[in-house]
Amino acid sequence: MTGAQLRRAAAAARALLAPVPDGTARVPAMADDVAGLVAHVTGCLVRYAHDLAAGPERTDGFTLGRRPEADLPELLRQQAAAAEVLARTVDGAHPGERGWHDWGRPDASGFAAMGAAELLVHTGDVADALGLDWAPPADLADVVVVRLFPWVPPDAEPAAALRWATGRGALPGVEPLASWRWHCAPLEEWDGTRPG
């Protein structure tokens, strides 16, 4: 994945979220409200940029937090900026550069894919909670699934595959997931098994 694809995921998320009239609307899947979910994704994007720039050693001596009075429009501007910071970090990374994550040592494409997954999956959570008709762009969902979830059946519909891979839906003929995680290290390091 690239910075350009991450930017497209951010734009797709913003297109659904910007017209939401109430940032305090509940999102039960995440036990939060819309504004809180946007803040969560923003924090992930900033941390991913930091973790790629910092290299493969864990560096989490500080935390990011949302100001309680920040409203949804302000948080969406912050999310767009965070996506751009990650996209620029991804685009500027040298080949072979690695960062740190709990689930592996991602390269730039892994961080871009994780950022896009956060944007697409949590925007879907908001759409589900508010009864909005939305699906992530199929080509973006597909590249996220291929990069982060190589065990997903290759013929699965991309949006459904992304939902299944993140524990949010079913795939015909495939057992549901009790828990999930992604493979963020380079794909050549995948051992061929689905993590439990």
Side-chain angles (χ1 to χ4, degrees), residues 1-16 30 37-38 40-56 58 79-126 134-169 171 177 179-195:
M1 275 204 75
T2 66
Q5 290 167 314
L6 176 63
R7 290 179 182 99
R8 285 189 55 224
R14 187 176 179 98
L16 178 95
M30 293 297 291
L37 207 52
V38 170
H40 163 76
V41 172
T42 300
C44 291
L45 297 170
V46 171
R47 279 192 306 275
Y48 294 161
H50 171 271
D51 290 341
L52 175 56
R58 184 176 187 151
Q79 181 172 279
E84 183 61 28
V85 168
L86 178 55
R88 290 182 190 194
T89 306
V90 164
D91 289 345
H94 297 291
E97 196 169 338
R98 305 286 281 272
W100 183 88
H101 187 271
D102 286 340
W103 293 344
R105 300 296 172 264
D107 58 2
S109 73
F111 279 110
M114 291 188 304
E118 296 284 352
L119 287 157
L120 300 177
V121 169
H122 291 311
T123 298
D125 292 337
V126 171
W134 187 82
D139 64 319
L140 289 176
D142 186 53
V143 74
V144 167
V145 168
V146 167
R147 177 59 185 82
L148 295 178
F149 307 100
W151 47 86
V152 171
D155 58 347
E157 190 277 321
L162 183 58
R163 288 180 58 80
W164 174 81
T166 56
R168 288 164 168 81
L171 279 180
L177 297 176
S179 65
W180 67 272
R181 65 185 297 162
W182 51 46
H183 175 83
C184 55
L187 283 173
E188 59 268 17
E189 297 177 13
W190 178 49
D191 67 5
T193 63
R194 186 178 88 197

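Everything quoted here is computed from the prediction, not taken from an experiment.
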Chemist: Side-chain contact test, heavy atoms from C-beta onward, threshold under 4.5 Å: evaluate it for E118 versus M114 and give yes or no.
Modeler: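 Sidechains of M114 and E118: no contact.
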Chemist: Look at the aromatic rings of Y48 and F111 and report parallel, tilted or perpendicular, splitting at 30° and 60°.
Modeler: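 Correct class here is tilted.
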Chemist: For a quick test of your reading: what N or O donor-acceptor pairs under 3.5 Å do the side chains of residues 148-163 make, sequence neighbours left out?
Modeler:
{"from": "E157", "atom 1": "OE1", "to": "A159", "atom 2": "N", "distance (Å)": "3.3"}
{"from": "E157", "atom 1": "OE1", "to": "A160", "atom 2": "N", "distance (Å)": "2.7"}
{"from": "E157", "atom 1": "OE2", "to": "A159", "atom 2": "N", "distance (Å)": "3.2"}
{"from": "R163", "atom 1": "NH1", "to": "D128", "atom 2": "OD2", "distance (Å)": "2.9"}
{"from": "R163", "atom 1": "NH2", "to": "D128", "atom 2": "OD2", "distance (Å)": "3.4"}
{"from": "R163", "atom 1": "NH2", "to": "R168", "atom 2": "O", "distance (Å)": "2.8"}

Chemist: As an exercise, state the distance from CZ of R47 to OG1 of T42, rounded to the nearest 0.5 Å.
Modeler: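 It comes to 10.0 Å.
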Chemist: Could you tell me the separation between the CG atom of L119 and the CZ atom of R7, rounded to the nearest 0.5 Å?
Modeler: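 So the gap between those two atoms works out to 12.5 Å.
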Chemist: With sequence neighbours left out, write down each residue that passes salt bridge (Lys or Arg N to Asp or Glu O under 4.0 Å) with R147, or none if nothing qualifies.
Modeler: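 Checked R147 against salt bridge (Lys or Arg N to Asp or Glu O under 4.0 Å); matches are D107.
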Chemist: Would you compute the distance between atom OG1 of T2 and atom CZ of R8 and round it to the nearest 0.5 angstrom?
Modeler: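 Between T2 OG1 and R8 CZ, I get 9.5 Å after rounding to 0.5 Å.
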Chemist: What pair of heavy atoms forms the shortest contact from R58 to D102, and how long is it?
Modeler: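 Nearest heavy atoms, R58 then D102: NH1-OD1, 4.1 Å.
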Chemist: Return the set of residues passing salt bridge (Lys or Arg N to Asp or Glu O under 4.0 Å) with D51 (not counting sequence neighbours), or none when no residue passes.
Modeler: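 Applying salt bridge (Lys or Arg N to Asp or Glu O under 4.0 Å) to D51 gives none.
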Chemist: Can you list everything that forms a side chain to side chain contact (heavy atoms under 4.5 Å, CB included) with R181? Sequence neighbours excluded, please.
Modeler: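 Checked R181 against side chain to side chain contact (heavy atoms under 4.5 Å, CB included); matches are W103, P195.
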Chemist: Among residues at least two apart in sequence or on other chains, which ones pass side chain to side chain contact (heavy atoms under 4.5 Å, CB included) with A112?
Modeler: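 Partners of A112 under the side chain to side chain contact (heavy atoms under 4.5 Å, CB included) test: M1, V90.
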Chemist: Should M30 and V126 count as side-chain neighbours, where that means a heavy-atom distance under 4.5 Å?
Modeler: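 No, too far: nothing below the 4.5 Å cut-off.
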Chemist: Please list every donor-acceptor pair under 3.5 Å in which a side-chain atom of residues 182-190 meets a protein atom from a residue at least two apart or in another chain.
Modeler:
{"from": "H183", "atom 1": "NE2", "to": "A185", "atom 2": "O", "distance (Å)": "3.1"}
{"from": "H183", "atom 1": "NE2", "to": "P186", "atom 2": "O", "distance (Å)": "3.1"}
{"from": "E189", "atom 1": "OE1", "to": "R98", "atom 2": "NH2", "distance (Å)": "2.9"}
{"from": "E189", "atom 1": "OE2", "to": "R98", "atom 2": "NH1", "distance (Å)": "3.0"}
{"from": "E189", "atom 1": "OE2", "to": "R98", "atom 2": "NH2", "distance (Å)": "3.1"}
{"from": "W190", "atom 1": "NE1", "to": "T193", "atom 2": "O", "distance (Å)": "2.7"}

Chemist: Which atoms form the tightest heavy-atom contact between V144 and A117, and what is the distance?
Modeler: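 Shortest heavy-atom contact: CG1-CB, 3.8 Å.
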Chemist: Could you check whether atom CZ of R194 has more than 12 heavy atoms from other residues, nucleotides or ligands sitting under 6.0 Å from it?
Modeler: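 Counting other residues, nucleotides and ligands, CZ of R194 exceeds 12 neighbours.
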Chemist: From T123 OG1 over to Q79 CD, what is the distance, rounded to the nearest 0.5 angstrom?
Modeler: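 If I round to the nearest 0.5 Å, the distance is 6.5 Å.
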Chemist: Could you tell me the separation between the CG atom of L120 and the CG atom of L140, rounded to the nearest 0.5 Å?
Modeler: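 Result: 6.0 Å between the selected atoms.
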